[in-house]
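Heads up, the thing below is written out as structure tokens.
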Amino acid sequence: MDVLQHLLAGFGVALTPTNLAIAAIGALIGTVVGLLPGLGPINGVAILMPLAFAMKLPPEASLILLAAVYIGCEYGGRISSILLNVPGDAGAIMTALDGYPMARQGLGGVALSISAWSSFVGSLIATIGIVLFAPLLASWALSFGPAEYFALMCFAFACITGLMGDAPMKACIAAVIGLSLSCVGLDSNSGVYRFTGGDVHLSDGIQFVVVVIGVFSISEILLMLEQHHSSDGMITQTGRKLFNLREMAHTWWGTVRSSVVGFIVGVLPGAGATIASAITYSMEKRLTDTEGTFGKGDIRGVAAPEAANNSAATGSFVPMLTLGVPGSGTTAVMVGALALYNITPGPALFTQQPTLVWGLIASLFVANVILLFINIPMVGLFTKMLRVPNWILVPGILAVSAVGVYAVHATTFDLLLMTGLGVAGWLLRKQGVPMAPLILGFVLGDMMEQNLRRALSITNGDASILVESPISIGLWLGAFAMVAVPPLLRLLQRHRLTPPVAA
Amino acid sequence: MSDRILGAACVVASAGMAWSAQGYAAAISYEPVGPRAFPLLLAGLLAIGGLWLIARPALRGVSPYRSVPLRATLLAAGAVAVYAALFEALGFTLATAVMAVPLGLVFGGTLKQALAAGAGLGVALYFLFDKALDVVLPTGVLSFLLGGR
């Protein structure tokens, strides 16, 4: 078996003492970042990415670190959901619905441990999913030409804007702003400087790190001023520490179902942990809630969304690794991390950099085991993190963010640009413009333009090549459906809900 | 109403983009699509998006800025800007100590707490990153103490 051989080699990479230690550190940092309200996986990964590069970690080690942080965040988010009723990250919103009532009934320890367990199952199933499907998808994607790639990227944008729910047009605008920012700098094909304003600092483009830290980290600091979370309402009496076998059996099938659904949702570009946990929560409610206990502290309502958000987060590695097109904001940041090392993810990555890819996949297994072990017995330690006051936390976040930005080019210009982008990002976020499409646009901008130009070079400018092959036609149709179907569904629903007026 | 301002800003930005992209032409062209097409395409899309926001009827409801604590936000943004400007000149440790005072105050600390947090963070993070993790940081005016640049 080819795949098993690769996987074994991957474990060889992931189990070296250094990488094992890196995965453990990443898991710890991730859990802490995840449980702090306001800081989510994107912030954690964005802040750590330049630091890992500056510490001169090899690419596979820094990818292992970032992946452990990402998965760790999905674990950590549940802690504040359950104990504080404040989701630590967006994926853990649904967990609070049943987790907090459970904690109030004195079952906090059970809720925390069962959610750690279901997070583990979710990540595990999704990682197995990656092993099974990613190589297939990658070898299929090898046949993609520039026209197919261009269509694929349009499909990714359609997904991320179509699934953004209430504001598809604003998501579109965000994507276009991201794409435009990526145009800044030297155009390598023609030697023309674009949008630099003659400034030498912009001649090789805006640094990815500056954009990500600006629009996520700095704008988050400004947004945090509006929300005052105190740890006063925290439930400290958590009772029994571990779930028992009956509770495990009670939640088992819901956990497995939610993991599978979460993985599928995670693989789709645009949908992510947040959508996956919402879908599975309502799915489990419909399927199993016969006594109407969901929302009042039902243990199944804790297990299902936690399994789903972890498996979706893990599943979102699939499009990033196999197609080079990230499906979520966080994996988009990871593509940016790889770009720091001059590695372009895509189908060829599986053949050209097998140690990197399989080392990462194996380390997902490893990090997941580490996370399970630190999240059940050490949960008390993490809850102490919720008591760190904001007047230490926020200056600390800013300082570490600035270190990351400064580490890449060591210029004051980048720091000032970070501030400007941060304030602009804050204004856009206040205005309801989502930032994930912006990052996706910034990451994909260069690739998208290059593929468009290459495709049109083949036919000497005839745009019909973009819709020539069946694959690209399929992708265009998919993109169209992603944009057109959600509003149509909403319209139909509204029709059904409004009682027919007597004619 | 504020959506319309955003829309107008998009239209203005797209006009600026289109205007500066006009001149982007390759000296010698060996491909049908030059450096100008993609930015122009984006400017067009941005203009459409902006016009959509302007044309759509304004949503009634609470302004998203209602809940913004204006003074605290300005102070925090100012602290970030000053921090960025002085990061290299003052050096990491001192700049962090200075930045943490206004930022600590707007996030609910007392003056004493904010001063202590800033000094502690400045020194601790400097040693963590520069000395332990090999991420080089500017020492600025404290270079006589900490060595380096």
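Side chains are part of it too, since the values below use all heavy atoms of this structure and drop only hydrogens, waters and symmetry mates. Chain letters run A, B, ... following the sequence lines, proteins first and then strands; every chain starts at 1.
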Side chain to side chain contact (heavy atoms under 4.5 Å, CB included), that's the test. Do Leu428(A) and Leu6(B) meet it? Break it down for me. CA-CA 8 Å; Leu428(A) 287 172; Leu6(B) 173 67; 3.8 Å; yes

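- Chain B forms the most heavy-atom pairs under 4.5 Å with one residue out of Leu417(A), Asn460(A), Val423(A), Ile392(A), and that residue is Asn460(A).
- Looking only at side-chain heavy atoms (C-beta outward), Leu103(B) and Leu398(A) come within less than 4.5 Å of each other.
- Proximity to chain A (any heavy atom under 4.5 Å) is restricted, for Leu121(B), to the side chain, taken from C-beta onward.
- Nearest heavy-atom pair across Asp187(A) and Pro35(B) is OD2-CB, 3.1 Å.
- Of all the heavy atoms in Trp391(A) and Gly109(B), the pair that sits closest is CD1-CA, 3.4 Å.
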Tell me, with the steps shown, if Leu125(B) and Val403(A) meet side chain to side chain contact (heavy atoms under 4.5 Å, CB included). CA-CA 9 Å; Leu125(B) 291 178; Val403(A) 169; 6.0 Å; no

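- With values rounded to the nearest 0.5 angstrom, Phe87(B) atom CZ is found 11.0 Å from Thr411(A) atom OG1.
- In this structure the side chain of Tyr406(A) reaches within 4.5 angstrom of the side chain of Pro138(B), judged on heavy atoms.
- For the atom pair CZ of Phe38(B) and OG of Ser180(A), the computed distance is 8.0 Å after rounding to the nearest 0.5 Å.
- Taking chain B as the reference chain and counting heavy-atom pairs below 4.5 Å, the highest number among Gly396(A), Ala402(A), Gly432(A), Cys172(A) is found for Ala402(A).
- Heavy atoms of Leu46(B) lying under 4.5 Å from chain A belong to its backbone as well as its side chain.
- Ranking Val394(A), Leu456(A), Thr459(A) against chain B, the residue ahead of the rest is Val394(A), based on heavy-atom pairs under 4.5 Å.
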Go through the steps for Phe129(B) and Val400(A) under the test side chain to side chain contact (heavy atoms under 4.5 Å, CB included), then give the verdict. CA-CA 9 Å; Phe129(B) 284 118; Val400(A) 177; 4.1 Å; yes

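- At a 4.5 Å heavy-atom cutoff, the contact between Tyr193(A) and chain B is made by backbone atoms alone.
- When all heavy atoms of Ile173(A) and Gly50(B) are compared, the closest pair comes out as CD1-N, 4.3 Å.
- Rounding to the nearest 0.5 Å places OH of Tyr83(B) at 9.5 Å from CD1 of Ile218(A).
- Of the atoms belonging to Leu452(A), it is side-chain heavy atoms, and not backbone ones, that fall under 4.5 Å from chain B.
- If you measure heavy-atom distances from Met169(A) to chain B, the contacts under 4.5 Å come from the side chain alone.
- When the candidates Arg454(A), Arg453(A), Met55(A) are compared by the number of heavy-atom contacts under 4.5 Å with chain B, Arg453(A) comes out ahead.
- Between Ala77(B) and Leu222(A), the closest heavy-atom pair is N-CD2, 3.8 Å.
- To the nearest 0.5 Å, the span separating NZ on Lys170(A) from CG on Asp3(B) amounts to 3.5 Å.
- Shown here for Gly104(B) and Pro395(A), the closest heavy-atom pair between the two residues is N-CG, 4.3 Å.
- Partner Val176(A) forms a side-chain contact (heavy atoms from CB on, under 4.5 Å) with one of Ile48(B), Leu41(B), Leu45(B) and no other, that one being Leu45(B).
- Distance NZ/Lys56(A) to CG/Asp134(B): 4.5 Å, rounded to 0.5 Å.
- Between Arg71(B) atom CZ and Leu225(A) atom CG the span is 12.5 Å, to the nearest 0.5 Å.
- Heavy atoms only, all atoms of each residue included: Ala399(A) and Thr96(B) are closest at CB-CG2, 4.0 Å.
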Run the numbers on Val192(A) and Arg36(B) for side chain to side chain contact (heavy atoms under 4.5 Å, CB included), then give the verdict. CA-CA 9 Å; Val192(A) 172; Arg36(B) 190 172 52 189; over 6 Å; no

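- Both the backbone and the side chain of Thr73(B) come within less than 4.5 Å of a heavy atom in chain A.
- For Val405(A), no part sits under 4.5 Å from any heavy atom of chain B, backbone or side chain.
- Here Pro39(B) is the residue among Ala100(B), Ser20(B), Pro39(B) with the most heavy-atom pairs under 4.5 Å with chain A.
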